[in-house]
Protein chains: 2
Amino acid sequence: MPFSYEYPHPAVTVDCVVFGLDLAQSELKILLIQRGLDPFKGRWALPGGFVRIDERVEEAAERELKEETGLAKVWLEQLYTFGEPKRDPRERVISVAHFALVKMSDHRVRAATDASDAAWFPVTGAPPLAFDHKQILAMALSRLRGKLTYQPVGFELLPPKFTLTNLQRLYELVLGRALDKRNFRKKALATGLLVALEEMEQGVSHRAARLYRFDEAEHRRLSKSGYLFEL
Amino acid sequence: MPFSYEYPHPAVTVDCVVFGLDLAQSELKILLIQRGLDPFKGRWALPGGFVRIDERVEEAAERELKEETGLAKVWLEQLYTFGEPKRDPRERVISVAHFALVKMSDHRVRAATDASDAAWFPVTGAPPLAFDHKQILAMALSRLRGKLTYQPVGFELLPPKFTLTNLQRLYELVLGRALDKRNFRKKALATGLLVALEEMEQGVSHRAARLYRFDEAEHRRLSKSGYLFEL
DNA sequence: CCAAAAGTGTTGGGACTACACCCATGA
DNA sequence: TCATGGGTGTAGTCCCAACACTTTTGG
């Protein structure tokens, strides 16, 4: 392995596919920002930017998310690294894509008020994207689908208190097919990761549903003793 | 997103975790190279090197594998990107790790004769590794484990013609536990991806086993109509 | 009392696990 | 003839899918 100063270095960026769940509209959404500069000026794109020279990659993703969308402390994971030589017309840019899951209930105000250059779009029905971001989105979506069934990540998208129907709707939206209500409830409760609260859903014009929360502590406990989540 | 020339760029490398199956010794192995230069001179490390400025990342991985170990046309997939700021003492280096599966039967000579600076080691019982390669290896192994059961990648490690016992041994080695012979055979044959050959195993001092091959074409056909492999 | 969603059990079939003996071959 | 691994079937259990009606609430 030769010493590297001999070679020109590519730029390294991070991009984030940020998923949010809109229960009111029964839609899975992604957060996009509108580019103010060329290339692709005016186009919508995934939030992201350059990795600083002394910054961890994950850190860069978190920082860019904060700077461009106001989001902080969201669930974030590395997705894949995209490095086609011509993906950015300016210079060689290698981008480490991440995907993030946010509770839209917590962050609704931010993204809605600052709508001039950051906005939520339905996953199906997003505008044309800059660079190879369409491809990145596609991979993020397929990863989310895969992940949902064998890891309890869906809760990152739900509000802290949710109904079983909310949970089911989430799974249906992401997986893209209808699920049987009774079977779904049985399986969900059988995970032992849901805690029934005293509280009931408010302000609906029909029978109110029980609220549940995700049992974070129990999940950590079970993870250590190597069990398998599945839904 | 500011224009990038403002910022210093990190170096970008690829590293490859190359797995091989040694049926003779019933061991899963990885291919390591011995470093000729500092840092970590004399230490064993994953094959890898710098991504050239106009080269695709996958290409770089393939090229380095070829240059350092003589391997070509192996199954290769991106694993994860490692970018801790201090992982290389010289400068900031971000490494896109890959993992590769090779049929040791095809490549046995290469790695064995050129043993001065490339050699196979048992996965458990490898020497201390340079950089953060231990961590990369750990992730590759866990990915391989996960992948094996729901994608037919194991065949990339087996010779073109293999016995069911070979296949079972592979699964046992990777998963780290014994499997029931009758159940394993039933499931393996039920996938419909194995073709029984006329040929029998040769040169064993007991009843000769039937040889099978993996049905590549059938697998492609089934993949398109969205089925799920599982073993 | 009507509309809307919440909530709840059973049954049949398919898949998985556990398990032990005979067979073919070469030395 | 012996040692070594190859090869085979069944029974019990568990899990999953399919399926429809009653309850609660607000309007």
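A note on names: the letters A, B, ... follow the listed sequences, proteins ahead of strands, and every chain is numbered from 1.
Residues that satisfy the salt bridge (Lys or Arg N to Asp or Glu O under 4.0 Å) test with A:K147, not counting sequence neighbours, are A:E77. Listed by chain and residue number, B:F184 satisfy the ring pair (Phe, Tyr, Trp, His ring centres under 6.0 Å) test with B:Y171 (two or more places apart in sequence, or in another chain).
Regarding B:Q202, its CD atom lies at a distance of 11 Å from the P atom of C:dT25, rounded to whole Å. Here the C1' atom of nucleotide C:dA5 and the CD atom of A:E172 are 14 Å apart, to the nearest Å. In this structure, B:L167 atom CG and D:dG6 atom P are separated by 13 Å, rounded to whole Å. Protein atom CZ of B:F184 is 13 Å distant from nucleotide atom P of D:dG6, rounded to whole Å. Separating the CG atom of B:L179 from the C1' atom of D:dG7 is a distance of 17 Å, rounded to the nearest angstrom. Protein atom CG of A:D180 is 14 Å distant from nucleotide atom C1' of D:dC15, rounded to whole Å. In this entry the distance linking CZ of B:R185 with C1' of C:dA15 reads 20 Å, nearest Å. We find that CZ of A:R177 is positioned 14 Å from C1' of D:dA18, with the value rounded to whole Å.
A:R185 and A:T165 are linked by a side-chain donor-acceptor pair at a separation below 3.5 angstrom, with hydrogens and angles left out of the test.
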Identify each atom pair where a protein N or O and an N or O of nucleotides 23-27 of chain D are less than 3.5 Å apart, giving names and distance.
unit_1	atom_1	unit_2	atom_2	d
D:dT23	O2	A:R207	NH1	3.0
D:dT24	O2	A:R207	N	3.2

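Aromatic pair B:F155/B:F162: ring centres closer than 6.0 Å. Two rings, from B:F131 and B:F40, have their centers less than 6.0 Å apart.
Using a 4.0 Å heavy-atom distance criterion, B:T163 is classed as making no nucleic acid contact. Backbone-only engagement by A:R210 is indicated by non-hydrogen atom pairs under 4.0 Å involving sugar-phosphate atoms exclusively. Among the protein residues, A:K181 comes within range of the nucleic acid bases, having at least one heavy atom under 4.0 Å from a base atom.
Applying the 4.0 Å criterion to OP1 and OP2 of C:dG7, one finds that A:R182 has every side-chain N and O outside that range.
Where B:L164 and A:N183 each meet DNA chain D at their nearest nucleotide, the meeting point lying more 5' is that of B:L164. Residues A:K186 and A:E201 each lie close to DNA chain C; by heavy-atom proximity, the contact nearer the 5' end of the strand is made by A:E201.
Here the rule is side-chain contact (heavy atoms from CB on, under 4.5 Å) with A:R143, and of A:L148, A:V17, A:L79 only A:L79 fits it. Between A:Q168 and the choices A:D180, A:L231, A:L179, the side-chain contact (heavy atoms from CB on, under 4.5 Å) rule is met once, by A:L179.
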